[in-house]
J.: 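Sending over a structure as structure tokens; questions will come in a sec.
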Amino acid sequence: MLIFYSRKGLFKVASIQVLAFDLGASNGRAIVADYNDGLITLHEVHRFTNDPVTLNNFIYWDFPRLYHELKTSLVVAKNLGFNVQSVGIDSWGVDYGLLDADGELISNPVHYRDKRAALGMEKLLNMYGVDELKKKTGMDCVSFNTVNQLINDRLLKKNIGISMLNIPDLFNYFLTGIQASEFSMVTITQLYDYTTSNWDLNWIDELKLPRRIFNKIIPSGTILGDVKNTIITELSINPLKVVSVTSHDTGAAIRAIPTAKEDFLFIATGTWIIVGANSKQMIMNEDVMAYDLTNEGSKYPNVNLLKNHVGLWILQEAKHYWIKEGIDIDYPEMIDQAEAVTIDSYIDIMDTRFFGHGDMPSKVMAYCSETNQRVPCSIGEIVKVIEQSLARQIATTLSHLEIAIGKKYDEVHM
């Protein structure tokens with residue numbers, strides 16, 4: 001039996017069904033967790049792709065379509081016989097949407113891989129040194145951070161936009177009508193002040209960003225409110241609540257690790273591979289700076305010291321290229337071909353060429369040629385090079401974390 005604590009005291013729940021809406025950078029899914037008599041059973045009720053769209057000069061996320069998938073998830077769950085009592089939403093980090101004075105979405109959110117972010121970082125580095133930025137924010141300087149996007153946002157330059165909400169908070173708002181910013185998402189904007197546990201308003205002013213767009217920060221796990229009656233009627237579903245969970249997908253995954261330890265190493269794999277250590281406070285020292293590590297909030301008030309790596313994205317893009325070339329291949333077959341070959345070449349997965357879209361196999365071959373290594377020629381060899389390069393970088397980051405924290409760990413959770 002689950003036991004919860006509220007302002008009215010302890011209360012017990014014998015049975016409950018909740019829906020987790022998990023959005024990744026390449027696909028999404030909805031899972032109903034059915035808690036009944038001490039047992040939690042997970043049911044995947046909906047799965048879909050998340051496909052960015054290029055329009056003229058920008059790459060966008062198709063937010064209306066993703067919101068449609070959320071509604072579809074709620075309907076499918078009902079039709080399967082589940083009585084969902086609450087919904088929690090997590091997603092990739094850094095991206096956001098802007099609302100106008102009427103609470104309407106002004107534009108689809110721009111993708112973090114859009115050139116806008118890199119141009120914003122270039123502008124930021126012209127204003128501040130790398131070390132100064134790291135000390136100020138506790139975060140590594142990478143192109144996709146929210147702050148880089150905000151200072152180069154064409155709408156804000158035109159003084160358009162009343163409110164900024166990161167992706168999960170944007171979904172929560174359209175479900176409830178309540179605007180709020182969840183802790184774990186705020187900490188990865190590079191605009192959070194750990195000393196005041198609030199937005200870094202002084203730096204926001206320095207950057208000439210309008211204070212009006214930044215919403216109240218709420219702890220992860222906050223019961224935000226009820227789904228609007230108009231949505232309940234539209235979907236013909238039972239009333240339910242929205243919980244502002246640990247909404248950055250990495251932070252959410254880390255909170256689910258089955259360990260009683262307060263500090264531990266972890267590897268989270270996906271389009272991005274995140275390697276880090278769970279901690280109770282921000283860690284900033286010379287080693288953190290030297291190894292380009294970053295602090296990101298987890299479940300309030302915990303902090304993860306970690307490093308983001310361009311991850312399975314490289315493999316995904318290679319697969320997309322081969323499919324466009326008429327080679328119908330799936331991931332298990334790619335892995336089988338990789339296991340059947342031997343090649344000792346490596347790529348630097350942090351090389352910026354592997355960050356963008358395009359012909360990934362040619363990029364891998366070009367890197368090996370430029371570094372005087374054996375050039376992979378077959379699908380198996382290319383996949384092998386990618387996989388062993390990812391593994392080597394992960395091992396390096398694990399070592400850097402132990403040095404920066406000053407502790408040896410005897411296990412890692414993956």
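Numbers for residues simply follow the sequence, beginning at 1. Everything numeric here is computed off the predicted structure, so don't read it as measured data.
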J.: Just so I know, are the side chains of N278 and K261 near enough to count as touching, which here means a heavy-atom distance under 4.5 Å?
T.: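 No; the side chains remain at least 4.5 Å from each other.
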J.: Give, for atom CG of N79 and atom OG of S236, the distance between the pair rounded to the nearest 0.5 Å.
T.: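 Reported to 0.5 Å precision, the distance equals 9.5 Å.
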J.: Under the 6.0 Å and 45° cation-pi test, does K407 pair with Y409?
T.: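 Yes, K407 lies over the aromatic ring of Y409.
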J.: With the side chain counted from C-beta on, respond yes when D205 and R211 share a heavy-atom pair under 4.5 Å apart, and no when they do not.
T.: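 A side-chain contact under 4.5 Å exists here.
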J.: Could you check if a side-chain atom of M414 sits within less than 4.5 angstrom of a side-chain atom of T269, using non-hydrogen atoms only?
T.: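 Yes; the side chains approach each other to less than 4.5 Å.
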J.: Could you go through the side-chain contact (heavy atoms from CB on, under 4.5 Å) check for I232 and D226 one step at a time?
T.: CA-CA 10 Å; I232 299 298; D226 297 315; over 6 Å; no
J.: Output yes when a side-chain donor or acceptor of R113 lies under 3.5 Å from a complementary backbone atom of F355, and no otherwise.
T.: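 Yes; judged by distance alone, with no hydrogens or angles, the pair exists.
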J.: Applying the side-chain contact (heavy atoms from CB on, under 4.5 Å) criterion to N172, which one of V87, I167, V243, V242 satisfies it?
T.: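 Testing each of V87, I167, V243, V242 against N172, the sole residue satisfying side-chain contact (heavy atoms from CB on, under 4.5 Å) is V242.
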J.: May I ask you to check whether over 12 heavy atoms, not counting those of L235, lie within 6.0 Å of atom CG?
T.: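 Atom CG in L235 is packed in, count exceeds 12.
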J.: For D330, does the CG atom sit with more than 12 other heavy atoms under 6.0 Å from it, leaving out its own atoms?
T.: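 Result for CG/D330: enclosed.
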J.: Give the ring-plane orientation class for H413 versus F264, where under 30° counts as parallel, over 60° as perpendicular and anything between as tilted.
T.: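 The rings of H413 and F264 stand perpendicular, inter-plane angle above 60°.
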J.: Tell me whether Q388 contacts the main-chain N or O of S345 through its side chain, where contact means a donor paired with an acceptor under 3.5 Å.
T.: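 Yes.
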J.: To the nearest 0.5 Å, tell me how far L125 CG sits from M127 CE.
T.: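 Here the rounded value is 10.5 Å.
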J.: With heavy-atom distances below 4.5 Å as the criterion, would you say the side chains of K307 and L293 are in contact?
T.: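 Counting from C-beta outward, K307 and L293 do come under 4.5 Å.
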J.: State, with a plain yes or no, whether a side-chain heavy atom of F171 is found less than 4.5 Å away from one of S91.
T.: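 A side-chain contact under 4.5 Å is absent here.
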J.: Would you find a donor on one side and an acceptor on the other, under 3.5 Å apart, between the side chain of Q190 and the backbone of V147?
T.: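 Not a single qualifying donor-acceptor pair exists.
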J.: Decide whether a cation-pi geometry holds between K319 and Y331; the criteria are a distance under 6.0 Å from NZ or CZ to the six-membered ring centre and an angle within 45° of the ring axis.
T.: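 Yes, K319 sits over the ring of Y331.
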J.: Please check if the side chain of D348 supplies one atom and the backbone of M350 the other of a donor-acceptor pair under 3.5 Å.
T.: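 Confirmed, D348 side chain pairs with M350 backbone.
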J.: Output yes when a side-chain donor or acceptor of N166 lies under 3.5 Å from a complementary backbone atom of D95, and no otherwise.
T.: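 Yes, N166 side chain to D95 backbone: donor-acceptor pair under 3.5 Å.
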J.: Do you know the tightest heavy-atom contact between G276 and L401?
T.: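 That would be CA-CD1, 3.5 Å.
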J.: Is Q373 close to I343 at the side-chain level, that is, under 4.5 Å between some pair of heavy atoms?
T.: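 I343 does not reach Q373 side chain to side chain.
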J.: With ring centroids as reference points, do W92 and F144 lie under 6.0 angstrom apart?
T.: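 Aromatic pair excluded; centres sit 6.0 Å or further apart.
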J.: Is the side chain of E402 donor-acceptor paired with the backbone N or O of K408 at a distance under 3.5 Å, no angle test?
T.: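 Side chain of E402 to backbone of K408, a donor-acceptor pair under 3.5 Å: no, none is there.
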J.: Strictly distance-based, threshold 3.5 Å: is any side-chain N or O of D100 a donor or acceptor partner for the main-chain N or O of D102?
T.: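 Confirmed, D100 side chain pairs with D102 backbone.
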J.: Can you measure from CH2 (W203) to CG (L133) and round to the nearest 0.5 angstrom?
T.: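 Separation between the atoms: 5.5 Å.
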J.: Rounded to the nearest 0.5 Å, what separates atom CG in L170 from atom OH in Y96?
T.: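 Answer for the CG-OH pair, L170 versus Y96, is 12.0 Å.
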J.: What I want to check is whether the side chains of K123 and N148 have a donor and an acceptor closer together than 3.5 Å.
T.: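 There is no such pair between these side chains.
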J.: Can you tell if the side chain of N295 reaches within under 4.5 Å of the side chain of T187, non-hydrogen atoms only?
T.: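 The answer is no; the side chains never approach within 4.5 Å.
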J.: Take a 6.0 Å sphere around CD of E333 and say whether it holds more than 12 heavy atoms from other residues, nucleotides or ligands.
T.: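 Enclosed: over 12 neighbouring heavy atoms sit under 6.0 Å from CD of E333.
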J.: Hey, are T41 and N36 close enough side-chain-wise for a donor-acceptor pair under 3.5 Å?
T.: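 On atom types as modelled, these side chains do not qualify, holding no pair under 3.5 Å.
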J.: Measuring from atom CG of N145 to atom OG1 of T137, what distance do you get when rounded to the nearest 0.5 angstrom?
T.: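 Rounded to the nearest 0.5 Å, the CG-OG1 separation comes out at 7.5 Å.
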J.: Under a 3.5 Å distance rule, please check whether T49 uses its side chain to pair with a backbone N or O of D51 as donor and acceptor.
T.: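 Such a contact is absent between T49 side chain and D51 backbone.
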J.: For a quick test of reading the model, state the closest non-hydrogen atom pair linking G311 to I273 and the distance between them.
T.: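 Residues G311 and I273, closest heavy atoms: CA-CG1, 3.7 Å.
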J.: Might you point out which heavy atoms bring T246 and G251 nearest each other, and give the distance in Å?
T.: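 It is CG2-C, 3.5 Å.
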J.: If we ignore angles and hydrogens, is there a donor and acceptor under 3.5 Å between the side chains of N215 and Y173?
T.: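 No, because no side-chain N or O of N215 sits under 3.5 Å from a partner of the opposite role on Y173.
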J.: Is it true that E182 and S184 share a donor-acceptor pair across their side chains at a distance under 3.5 Å?
T.: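 Checked: S184/E182 side chains pair up, N/O donor to acceptor below 3.5 Å.
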J.: Distance from I213 atom CD1 to S163 atom OG, nearest 0.5 Å?
T.: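 Spacing of CD1 (I213) from OG (S163) equals 8.0 Å.
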J.: Do you know which two heavy atoms are closest between I178 and L224, and how far apart they sit?
T.: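 Taking every non-hydrogen atom into account, CD1-O, 3.1 Å.
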J.: Could you walk me through whether K216 and Q179 pass the side-chain contact (heavy atoms from CB on, under 4.5 Å) check?
T.: CA-CA 8 Å; K216 176 184 176 181; Q179 297 182 34; over 6 Å; no
J.: Determine the minimum heavy-atom distance between C141 and V130, stating which atoms define it.
T.: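 In this case the closest contact between C141 and V130 is SG-O, 4.0 Å.
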J.: Is the NZ atom of K157 crowded by more than 12 outside heavy atoms at less than 6.0 Å?
T.: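 Correct, the count exceeds 12.
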J.: Spell out, as yes or no, whether a donor-acceptor pair under 3.5 Å connects the side chain of H46 to the backbone of A30.
T.: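 No, H46 side chain to A30 backbone: no donor-acceptor pair under 3.5 Å.
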J.: I'd like to know whether T294 forms a side-chain contact (heavy atoms from CB on, under 4.5 Å) with V142, so could you lay out the CA-CA distance, the side-chain angles of the two residues, the decisive distance to 0.1 Å, and finally the verdict.
T.: CA-CA 10 Å; T294 193; V142 288; over 6 Å; no
J.: Quick one: is the NZ or CZ of R392 closer than 6.0 Å to the six-membered ring centre of Y346, and within 45° of its axis?
T.: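 Here R392 passes the 6.0 Å and 45° test against Y346.
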J.: Given side-chain contact (heavy atoms from CB on, under 4.5 Å), test L80 with H43 step by step and report yes or no.
T.: CA-CA 10 Å; L80 290 173; H43 306 269; over 6 Å; no
J.: For residues F354 and W313, determine if any side-chain heavy atom of one lies less than 4.5 Å from a side-chain heavy atom of the other.
T.: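 With C-beta onward as the side chain, the pair stays apart.
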J.: Between the side chains of Q393 and T397, does any donor sit under 3.5 Å from an acceptor?
T.: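 Q393 vs T397: donor-acceptor pair found between side chains.
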J.: Ignoring hydrogens and angles, tell me if any N or O in the side chain of D114 forms a donor-acceptor pair with the backbone of Y60 under 3.5 Å.
T.: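 No; zero donor-acceptor contacts below 3.5 Å.
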J.: Which atom pair, heavy atoms only, marks the closest approach of S389 to I349?
T.: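 That would be CB-CG2, 4.0 Å.
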J.: For F48 and Y67, what are the C-alpha separation, side-chain angles and deciding distance, and is it a ring pair (Phe, Tyr, Trp, His ring centres under 6.0 Å)?
T.: CA-CA 12 Å; F48 52 92; Y67 187 62; over 10 Å; no
